[in-house]
K.L.:
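Please read through the structure below; I'll follow up with questions.
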Amino acid sequence: MFTNNPFAAMGDLLPPLVMQVYIVLMIVLVAAGTLFDMIHKGSAKYFFDNWRRSRNKAQQVDGGELVSIAIQTAVVDVLASGEFCNARRRVAHLLTMYGFLIYVITTAVMVFGYATPAAPTPALLPQLWWIGGLMICLGGYWFWFFIRVDVAAEGNPPFRVMRADLFILALLASVTLGLIWAFLQTSASSGANVFFGLYVIATTVLFASVPWSKFAHMFFKPAAAFEKRLSNANGTRANLPGPADKPEQFGSARTAPRHY
């Protein structure tokens, strides 16, 4: 099961070209949705305007420090999700993020490179596909049921759904249905095609809902993190005052902090 390419067995139902066109279409939807999100919310305009306003007041940052800031942003903020103070939140985010990358990359490789049984798929690719999917499920369901701030801190029911939850719910639905479909297909179950259809629907919702979900933030989040570090280095602090004389972590010896 873990060494079989589930997409190679779809040749009787869908030609490889159809699956490849579908993936390209999803990439186009993500790109278009991200651009629409940036234009609609004005995030790019905000950062450029903020940079222009603070440029005249900024201290000079030399090239070496600029490279150091870029490396810190990549390693701490992007690769290690250093913005999360809560250790459980960071671990869940990293599981989901790296699982998503592994899952998406292996899906693309198997569909474009090994879409038919005539091209034997290296056993490592399906194994990584399963590992990535299970990492997403572990991090995503852990976040949904145990870590969400409104559930953990405000006592709301775990099944309370808001528009901000669209991304995580669509992601979990897509990956969960995909894993179930792959399992049923391996066991030659008659319900495999039903779950494949549900898998396609959930995946389409995931990638087509970028303007209304948190999907787009993964693309401009590194730029925002870099701009924040740069503004601290050049003294402008994004036109904000310096930190007040208050503890950085809220809470007390009796109550542990449970915020982000």
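Quick note: numbers below take in every heavy atom, side chains included, and nothing from hydrogens, waters or symmetry partners. Throughout, residue positions are numbered sequentially from 1 according to the sequence presented. As the structure is a computational prediction, the values presented were derived from the model and not from experiment.
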K.L.:
Any side-chain to backbone donor/acceptor pair from Tyr98 onto Leu79? Under 3.5 Å, distance only.
P.N.:
yes
K.L.:
Would you mind reporting whether Asp77 and Gln72 have side-chain heavy atoms less than 4.5 Å apart?
P.N.:
no
K.L.:
For Ser81 and Arg90, which heavy atoms make the closest approach, and how far apart are they?
P.N.:
O-NE, 3.3 Å
K.L.:
For the atom pair OG1 (Thr96) and CE (Met135), what is the distance rounded to the nearest 0.5 Å?
P.N.:
8.5 Å
K.L.:
Just so I know, are the side chains of Asn193 and Gln185 near enough to count as touching, which here means a heavy-atom distance under 4.5 Å?
P.N.:
no
K.L.:
Please examine the side chains of Leu125 and Asn5, heavy atoms only from C-beta on, and report whether any two atoms are closer than 4.5 Å.
P.N.:
no
K.L.:
Tell me which pairs pass ring pair (Phe, Tyr, Trp, His ring centres under 6.0 Å) where either residue lies in residues 101-122, with sequence neighbours left out.
P.N.:
Tyr103-Trp129
K.L.:
How long is the span from the OG1 atom in Thr34 to the CG atom in Leu29, to the nearest 0.5 Å?
P.N.:
10.5 Å
K.L.:
Tell me, yes or no, whether the heavy-atom count around Tyr141 atom OH, taken from other residues, nucleotides or ligands under 6.0 Å, exceeds 12.
P.N.:
yes
K.L.:
Begin with the C-alpha distance, continue with both residues' side-chain angles, and end with the deciding distance and a verdict on side-chain contact (heavy atoms from CB on, under 4.5 Å) for Phe2 and Thr186.
P.N.:
CA-CA 9 Å; Phe2 297 108; Thr186 303; over 6 Å; no
K.L.:
Are any non-hydrogen side-chain atoms of Tyr199 and Thr176 less than 4.5 angstrom apart?
P.N.:
no
K.L.:
In Å and rounded to the nearest 0.5 Å, what is the CH2 to CG distance from Trp144 to Leu172?
P.N.:
8.5 Å
K.L.:
Hey, is the main chain of Phe183 close enough, under 3.5 Å, to the side chain of Ser187 for a donor-acceptor pair?
P.N.:
yes
K.L.:
Do the ring centers of Phe7 and Trp181 come within less than 6.0 Å of each other?
P.N.:
yes
K.L.:
Hey, does Phe196 have a side-chain heavy atom less than 4.5 Å from the side chain of Leu177?
P.N.:
no
K.L.:
As an exercise, state the distance from CD1 of Ile69 to CD of Glu65, rounded to the nearest 0.5 Å.
P.N.:
5.0 Å
K.L.:
Look at the side chain of Ser68 and the backbone N and O of Gly64, then say whether any donor-acceptor pair between them is shorter than 3.5 Å.
P.N.:
no
K.L.:
Measure from the side-chain N and O atoms of Asp165 to the backbone N and O of Met162, and report whether any donor-acceptor pair falls under 3.5 Å.
P.N.:
yes
K.L.:
Should Phe143 and Arg88 count as side-chain neighbours, where that means a heavy-atom distance under 4.5 Å?
P.N.:
no
K.L.:
Could you grab the distance from atom CG of Leu206 to atom OG of Ser174, nearest 0.5 Å is fine?
P.N.:
5.5 Å
K.L.:
Between Thr121 and Met110, is any pair of side-chain heavy atoms under 4.5 Å apart?
P.N.:
yes
K.L.:
Mind checking whether Leu134 and Val175 have side chains closer than 4.5 Å, heavy atoms only?
P.N.:
no
K.L.:
Does the side-chain hydrogen bond (donor to acceptor under 3.5 Å, both in side chains) test come out yes or no for Tyr22 and Thr204, once each step is laid out?
P.N.:
CA-CA 9 Å; Tyr22 176 81; Thr204 304; 2.8 Å; yes
